[in-house]
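Naming: A, B, ... by sequence-line order, numbering from 1 per chain.
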Amino acid sequence: MAGNDIALMAHLMRRAGFGATYDELEARAAKGYEATVEDLIHPEGQPDLEMDILERYFTDWRDLIALENNQAYWTYRMINTKHPLREKIALFWHGILCTGNSKCEHGKQIQLQLDMFRRHGMGSFPNLLLELSRDPAMVFYLDNCMSHKDAINENYGRELLELFSMGVGMDGNPNYSEDDVKECARAFTGWTITNAIPRYPYARYESQFIYNSYDHDDGEKNFLGESGRWNGEDVIDIIARQPATARFVSRHLYNFFVADEPQVPAWQNTTPNDPDAIKMLEDEYFRSNYDVRSMLRVLFNSDFFKNARFAKVKSPAEVVIGTMRLVKDFTYPKPGVHPIGMEIRYMGQDLMNPPTVEGWHTGKEWIDSGTLVERINFTADQVGNVDLPGVQAIIRRLGSEGATMSPERLVDGCLEMVGAYELSQETRDKLISHAQKGGELRTGTEEFAGSVGQMLQLIVATQEYQFA
Amino acid sequence: MTTKILGPTFQYSHSIGRSEFSGPGFRHPVALARGEGDLIYVANRSYEYRPDGKRVTVCTVGEDYIGEFARGAVVAGEGEASAADGSIIWPTSVAVDKDGSVYVTDEWLNRVSIFTRDGEWIGKWGTQGDGDGEINRPSGIAFDKDDVLYMVDSLNSRIQKFTKDGKFLGKWGRAGSGDGEFNMPWGIDVDSAGDVYVADWRNDRIQKFSPDGQFLMKFGTSGSGDGEFNRPTGIAVDKDGTIYVTDWGNERLEVFSPDGSYISEMTGDGTISKWGKEKLDANPEMWQEREIAQGIEREKLFWGAIAVDVDDEGRIFVLESARARIQVYSKQAPVFYGGRL
């Protein structure tokens, strides 16, 4: 068994990032758990990817014109980021504050929205909503550019309340009325974008947010029981103060970072799995003046988080990026990034193109017979490739334990190396009996490397490995 | 009264190109070379999931489409000899020899592919490594007047000289930021005297060498002011010795005197090209969208100015990777004014 510190660090890095190699876990564990949490929630000022080098080799990443360019770029970014939580937060908000390429003027616009999540995703929640309301991809996706003073389009107003901030209801009661939706939409009239430059002949340019005061309905509005000549900023301030918003943000954070909750549409009528944990997060939401970073600090340092090991089904992005970080492939620019990004799509998560504005259903809904096979095949192909640097590092590390290795130790050692995984007794016994077939293992031989690769393949094919 | 010389100055002429995966147009073009007569060869990198867009487009200065060659390979490992002859994965540069044959470097396959002026594949050379004559991610190439080929061997931080069929003739340079040292160099050109200019990309400077690699001069430093660079990519030297550099990170072309002193910059004056007009005529609703588009003046500006070439008629060709376009300028003779010389 790996030490508790390593096992806990592996848990933290799976949730607050995309997993880590054993070397990284050791280094972080040496620094300490709480210090690591602080590092993760404060990426600002730390060095990031060198975009000049990336754009030199991936020429298309300067203008990021289409969905697939953006998916490749984000995939590479998640694999190589030095700020795993910042990237994870972008993924978190992308699954909630959704826009999709299926209705998008220009693929790069969603990437720019992700940049906004990277900048503001751990800051003030109302500020994030404000940025979202001004985000050109969102303004276009939910038709706010079609909402006018004399003819409102309710789309953005409705989703801002239902899917982005409060949710339809909680504790069995609705959180807002149809009138609130209309008043909200009125407050956001005039929040629009520039007319786009058509894509022929030289391809797209970025759209920009503009506030058209002539098209803004400046009249009196009654929103969530408060009356005034509200504009969008006022509406967001009112939303931020609602207990429902605290509940909604807390439940989403819990569902994404701690343990799978029921699907979002059921939240009005289902209580949280862990009401005390949600209460702690709600309290911190108000105490910190709606600061997501403060909520994350409470969350990661809590017992409910530390005790929630393997309580979540990995999302496709977590499967693919976690595997690539483990095997340490694509750590420098080379062809082949796009097919790696496509694996995430094949497993059911077409990044930057969610099925609807509700995003993806998560938890066990990620898994069906097709996506499970896809997961196992992809992961097993990668960890079984003993030429990859991360797999070689595992082989070297285990090999350094002595001239020979017992079958039991091979199984347990490989489990440690992939992130201190634990198997049911039955599964572990099966792996040990498989390892015994080859007799005593002599480290430093080619056969040993093969045995490690094969054992890693068996581990990633287990039910347990589908959990984070 | 003092006699003053102004200039040279530069007049925008026209734009060539549109964004296309095949036929008239370019897709993420990275390099260009003026060929015989009015020919222009443009190497298109496209991107991974559209290997069909990887190709060399041949057109004229007047934007007549001539054809295309060198198709994109779908899958091949680094330096892999199995990639089909004449295919490309990560093209970086194109150059034309005295016979009109066309040389295309590929920094993934670590090879030079050779084509006739009409695009028929006639040969290849290149071996990955760091020994003499071996290459690691070749970037720019340029011929001197005797068809000696100078190559930027970027990850080996050096310049290598070859015969046009790939026989090693010499090398210079090493990693660093001192004179004669390089940090991921990119573009290269040879002037009429045979001296060699290198865009020392990550050192944000230009270095000039004699044909045998003796350091002669450098200019430029990191920044966005006059004469400064943010990752210079392409370089070209005209018959008068005027030096043109695509200042990639600053989205501009900078122009220098033969001694390296700053003359001026261009940031783009793009207009609708002939091919662009054809595309818009086929999609007339886009003419209407352009009428109401906001910020359409952005279309004039360079986006991804990545390579530059000049010809003996004083025309300057600036290639933009992100806009799939060449903006053509013409050099105006220096203006003299004041008293009689």
Side-chain angles (χ1 to χ4, degrees), chain A residues 50-73 75-76 105-108 136 145 192-212 329-330 332-343 345 385 387, chain B residues 15 17-20 25 27-30 45-50 75-78 89-90 107-108 137 139 154 184 186 201-202 230-231 233 248-249 270 272-273 275-280 282-283 285-296 298-299 303-304 306 320-325:
Chain A
E50 296 175 306
M51 281 310 297
D52 59 333
I53 292 179
L54 298 187
E55 287 182 9
R56 174 170 180 159
Y57 294 112
F58 303 113
T59 314
D60 54 304
W61 290 3
R62 174 159 287 200
D63 53 323
L64 290 167
I65 209 75
L67 174 65
E68 287 79 0
N69 311 95
N70 283 280
Q71 288 175 327
Y73 167 65
T75 299
Y76 189 92
E105 287 185 302
H106 171 14
K108 189 181 185 183
C145 47
T192 188
I193 49 172
T194 48
N195 295 328
I197 299 172
R199 71 186 168 101
Y200 299 143
Y202 302 128
R204 291 289 192 192
Y205 286 80
E206 294 157 20
S207 295
Q208 278 149 8
F209 172 78
I210 44 173
Y211 174 66
N212 179 1
D329 199 7
F330 291 95
Y332 69 98
K334 63 174 189 172
V337 182
H338 173 251
I340 299 293
M342 286 301 94
E343 292 291 337
R345 175 189 286 183
N385 182 349
D387 293 329
Chain B
S15 292
R18 71 185 186 210
S19 184
E20 295 285 356
R27 195 75 196 202
H28 291 93
V30 291
R45 191 135 166 168
S46 186
Y47 33 81
E48 191 154 30
Y49 82 102
R50 289 301 300 268
V75 182
E78 189 168 13
I89 290 187
W90 272 5
E107 65 180 332
W108 181 249
R137 296 207 175 182
S139 289
S154 70
M184 301 184 73
W186 186 320
W201 184 68
R202 250 191 160 218
N230 182 354
R231 307 294 183 257
T233 49
W248 187 63
I272 295 291
S273 65
W275 298 341
K277 181 175 181 303
E278 288 166 7
K279 191 80 175 184
L280 289 170
N283 298 271
E285 76 285 358
M286 292 197 183
W287 280 119
Q288 293 159 19
E289 287 175 36
R290 294 177 62 84
E291 289 292 312
I292 59 163
Q294 289 162 301
I296 201 162
R298 284 177 285 179
E299 207 175 65
W303 193 353
I306 198 167
E320 302 165 78
S321 63
R323 291 303 94 180
R325 181 171 64 182

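Between chain A and the residues K279(B), K277(B), R50(B), E20(B), the most heavy-atom pairs under 4.5 angstrom are made by K279(B). Listed options N230(B), I306(B), I296(B) were ranked by heavy-atom pairs under 4.5 angstrom with chain A; first place goes to I296(B). Listed options D60(A), I210(A), I65(A), T194(A) were ranked by heavy-atom pairs under 4.5 angstrom with chain B; first place goes to D60(A).
With hydrogens and angles ignored, the 3.5 Å screen pairs a side-chain donor or acceptor of R56(A) with a backbone N or O of M184(B). Remark: the backbone N or O of S321(B) is not paired with any side-chain donor or acceptor of R62(A) at under 3.5 angstrom. Under the 3.5 Å distance criterion, the side-chain polar atoms of R231(B) are left unmatched by any main-chain donor or acceptor of I53(A). R199(A) places no side-chain N or O within 3.5 Å of a backbone atom of M286(B) that could act as its donor or acceptor partner. Between the side chain of N195(A) and the backbone N or O of I292(B), at least one donor-acceptor pair lies under 3.5 Å. The closest donor-acceptor contact from the side chain of Q294(B) to the backbone of A196(A) lies at 3.5 Å or more, if one exists at all.
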- Please report the C-alpha distance between K334(A) and E107(B) in whole Å, then the side-chain angles of each, then the deciding distance to 0.1 Å, and finally whether the salt bridge (Lys or Arg N to Asp or Glu O under 4.0 Å) criterion is met. CA-CA 10 Å; K334(A) 63 174 189 172; E107(B) 65 180 332; over 6 Å; no

- Walk me through it: do I197(A) and E289(B) pass the test side-chain contact (heavy atoms from CB on, under 4.5 Å)? CA-CA 7 Å; I197(A) 299 172; E289(B) 287 175 36; over 6 Å; no

- Query: Checking side-chain contact (heavy atoms from CB on, under 4.5 Å) for the pair T59(A)/W90(B): CA distance, chi angles, key distance, verdict?
  - Reply: CA-CA 10 Å; T59(A) 314; W90(B) 272 5; over 6 Å; no

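For the residue pair P335(A) and E48(B), the shortest heavy atom distance occurs at C-OE2, 3.3 Å. P198(A) and R290(B) get closest at one heavy-atom pair: CG-CG, 3.4 Å. In plain terms, the two heavy atoms of G276(B) and P201(A) that are nearest each other are CA-CB, 3.5 Å.
Neither the backbone nor the side chain of W275(B) comes within contact range of chain A; no heavy atom of the residue lies under 4.5 Å from a heavy atom of that chain. Of the atoms belonging to I272(B), heavy atoms from both backbone and side chain fall under 4.5 Å from chain A. Contacts between R27(B) and chain A at a heavy-atom distance below 4.5 Å involve the side chain alone, from C-beta outward. For S273(B), the parts sitting under 4.5 Å from any heavy atom of chain A are the backbone and the side chain alike. With a threshold of 4.5 angstrom between heavy atoms, E55(A) approaches chain B through its backbone and through its side chain.
Atom CG in L67(A) sits 7.5 Å away from atom OH in Y49(B) (nearest 0.5 Å).
A cation-pi geometry, defined here as NZ or CZ lying under 6.0 Å from the six-membered ring centre and within 45° of its normal, does not hold between R45(B) and Y57(A). Within the cation-pi definition used here (under 6.0 Å to the ring centroid, within 45° of the axis), R325(B) qualifies as a partner of Y202(A).
Ring centroids of Y200(A) and W287(B) are separated by 6.0 Å or more, keeping the two rings apart. Taking the six-membered ring wherever Trp is involved, the centroid distance between the rings of W303(B) and Y205(A) falls below 6.0 Å.
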